[in-house]
Amino acid sequence: MGIDVEVVTAMVLYKHQWMILKVDTSVACPTRKARLEGSHVVWSFPQVFSALVQPPFGNRGVRVGIENHFLSDCLANQRGYQVLERGGTVEIQVPFGAEGGLLKSHVNNNQYSQSYFIDLFYLHQWQDAQWTLTQQRTFRPLYLVQLPRTPVLINNTVPAEGVFSLILGAFPHDVSLVNITVGGHPVAWVEADGLGLKLSHVPFPNGTHGYLLEVPFPHPVVSQKYLGDQYRKYTLSVVFSFIISPQAQLYHHTATVESDVQDVVLPSVEARCTQRGVQLLLHYGNIDWQWEVYVGGLRLDWELVELGGYTVSAQVDHLSMEVPLYSPGMTYEGLGLQGLAVSVQMTIKHKDTGEEQIHTHQCVFPVRELLVCLPDGEMVVLIDMSSVVPPVDPKWVTLLDPACGPLFTDGTQALFSFNVDSCGTMKVLEGDLLEYRNEVRYSPAFLSQLQSSHYPKFRIPVGCVHPANGTRTLGIYQPHSLPPLPHASHSRKSRTPRSARARKRPFWIG
Ligand SMILES: *[C@@H]1O[C@H](CO)[C@@H](O)[C@H](O)[C@H]1NC(C)=O
Ligand SMILES: *[C@@H]1O[C@H](CO)[C@@H](O)[C@H](O)[C@H]1NC(C)=O
Ligand SMILES: *[C@@H]1O[C@H](CO)[C@@H](O)[C@H](O)[C@H]1NC(C)=O
Ligand SMILES: *[C@@H]1O[C@H](CO)[C@@H](O)[C@H](O)[C@H]1NC(C)=O
């Protein structure tokens, strides 16, 4: 069986009056030490000591005890002790650290380990031809040294409850928690409560203990990362610091738990048209601000706010911003008899996921007169003739080329749209600028034969200025008679410095 046993057998003969008595004495001890199999301490020895019993014999059972006291089968079971008889061997298995023994903690290079001592006692009983009862008692103190034991983290987090819940254990009596470090912040045990962290001691039925830490997901020590699709990852990193008595050694255990939850309220945008422009309300949502905001394709920053003359006010849960008409960020959509149509596009883009939301809001501002110079060379002119004396029918006005009539008219207004290369437009080079000049004039076809002195005198010069070489930008101009606009011109891509814009006044002589 490969189990070493030390046996001492003695035969004693002595004479008593006319009788000779013979007494057989045997002592048998397995010399093998306990070994560790998985998480069990295993101690084995032969099922039968031939020195003690002779076949044929009957087995009358095995009992185990601790420190000279028998354990009931029930208690032995409860503690996980097992006695297995197989192939002529008896094996006693005790879970490492089981109740009845003594656990001791050690730390080496921050590696936590435990040693275990148990004073086992074992009784085996037989019956053979000679004796109805033979008992063998063995006393064996078993000592298992320093087994690395990484504490177990039990993760009881239920994402729907929004609280991290972890238990770290199980420790023997000689280990106690001193403090924790959460999200990089040291927290003494006594402070935890005041900081909204729940830290408590958890005793286990088997005599060991653990520590429970509960941290709500929205707590500042919990880090958050947006994953896209309204999911976010909450991550809690914690270092538990323990002291081991009596040597007062320190042991630090690091744990990280995370939970992905679809609880993100994304930023949202509301918009409305105001007298001055377009008002945008940017609701922040409930996630760390990791978004970039663009207005009409321009990155929203203080420079843009200042350049565009935006009115900004920040509230707890939203940002309110008014983008004035004609300012950078606003897009020209079209000019018609109903007025000037513009739109503001606000784009919110997540820095990490690239997730994008685009909101576009369109407003129509009633205008009586306006001149728009488009980057593609188109000129759009809306003329109001309501105060012209004698009255002029808007149907009978044209550009320099009498073939270029208005696109739309109503009782008092005429709308022209033409390219700077057509309708008799004249080009004048002024330094590095090209001026395109035309004129809206009264030229009724049926009066072409009459003398010009009989015409109502109605001529309105209109024009656009563009760089001779270079990118054309959008320009929107009101008649000089009206108060100046907050911003008379803007470009979607390149921002023209104010001085350059000032030189670019179109000539609109009312
Ligand atoms: C004691 O109980 C705890 C909690 O049930 C368990 O994690 C630990 O492994 C047990 N220890 C032993 C030695 O059985
Ligand atoms: C935690 O406790 C240990 C042992 O008392 C100490 O050395 C350490 O400085 C403490 N850390 C904090 C953050 O309080
Ligand atoms: C802990 O529990 C949460 C929620 O059930 C789960 O998402 C996570 O994967 C678990 N484990 C760790 C190591 O965070
Ligand atoms: C524009 O460019 C052309 C050719 O590149 C050049 O001949 C002309 O002088 C330039 N005009 C101005 C105003 O710079």
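Below, each value reflects all heavy atoms present in this structure, side chains not excepted, and no hydrogens, waters or symmetry copies. All ligand and atom numbering here is 1-based and tracks the order in the structure.
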request  = Evaluate ring-ring contact (aromatic ring centres under 6.0 Å, His included) for Y226 paired with H350, printing each intermediate quantity in order.
outcome  = CA-CA 9 Å; Y226 184 55; H350 195 269; 5.0 Å; yes
request  = For residues Y332 and Y326, establish whether the separation of their ring centroids is below 6.0 Å.
outcome  =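 So the answer is no for these two rings.
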message = Is it the case that the ring center of F242 lies less than 6.0 angstrom away from the ring center of Y112?
response =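 Between F242 and Y112, which both carry aromatic rings, the centre distance is not below 6.0 Å.
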Does an N or O from [X], backbone or side chain, lie closer than 3.5 Å to an N or O of ligand 3?
{"X": "T256", "answer": "no"}
{"X": "T157", "answer": "yes"}
{"X": "N155", "answer": "yes"}

request  = Considering heavy atoms of the protein only, find what lies nearest to atom 7 (O) of ligand 1 and give residue, atom and distance to 0.1 Å.
outcome  =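 The closest heavy atom on the protein side is A170 CB, 4.1 Å.
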key: Nearest protein heavy atom with distance in Å, relative to atom 14 (O) of ligand 3   =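 Answer, as residue, atom name and distance: E258 N, 2.8 Å.
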ask   = At under 4.0 Å between heavy atoms, which part of V257 makes contact with ligand 3: side chain, backbone, both or neither?
value =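 Contact part for V257 vs ligand 3: both backbone and side chain.
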query = Any luck finding a side-chain donor-acceptor pair between Q249 and Y251 under 3.5 Å?
reply =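 Judged by distance alone, the side chains do not pair up.
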message = Could you check whether Q224 and R232, counting side-chain N and O atoms only, form a donor-acceptor pair closer than 3.5 Å?
response =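 A donor-acceptor contact under 3.5 Å links the two side chains.
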key: Close approach of T208 to ligand 1, heavy atoms, under 4.0 angstrom   =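 Right, T208 reaches ligand 1.
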task = Output the list of atoms in ligand 1 that are nearer than 4.0 Å to some heavy atom of F204, sorted by atom number.
result =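 Once the distances to F204 are compared, the set is 2 (O), 3 (C), 4 (C).
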message = Show me which atoms of ligand 1 lie under 4.0 Å from any heavy atom of F96.
response =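 What qualifies from ligand 1 is 13 (C).
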key: Y231 atom OH, over 12 foreign heavy atoms within 6.0 Å   =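 12 or below, so no.
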ask   = Can you check whether Q279's main-chain N or O pairs, donor with acceptor, with E322's side chain at less than 3.5 Å?
value =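 No.
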query = Taking 4.0 angstrom as the limit, do E378 and R472 come out as a salt bridge?
reply =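 Between R472 and E378 there is no salt bridge, as every charged N stays at least 4.0 Å from the carboxylate O atoms.
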message = Tell me whether atom 9 (O) of ligand 1 lies less than 4.0 Å from at least one protein heavy-atom position.
response =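 For atom 9 (O) of ligand 1 the answer is no, since every protein heavy atom stays at 4.0 Å or beyond.
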message = I want to know if ligand 1 touches N206 in the polar sense, i.e. an N/O pair below 3.5 angstrom.
response =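 Yes, N206 has an N/O under 3.5 Å of an N/O on ligand 1.
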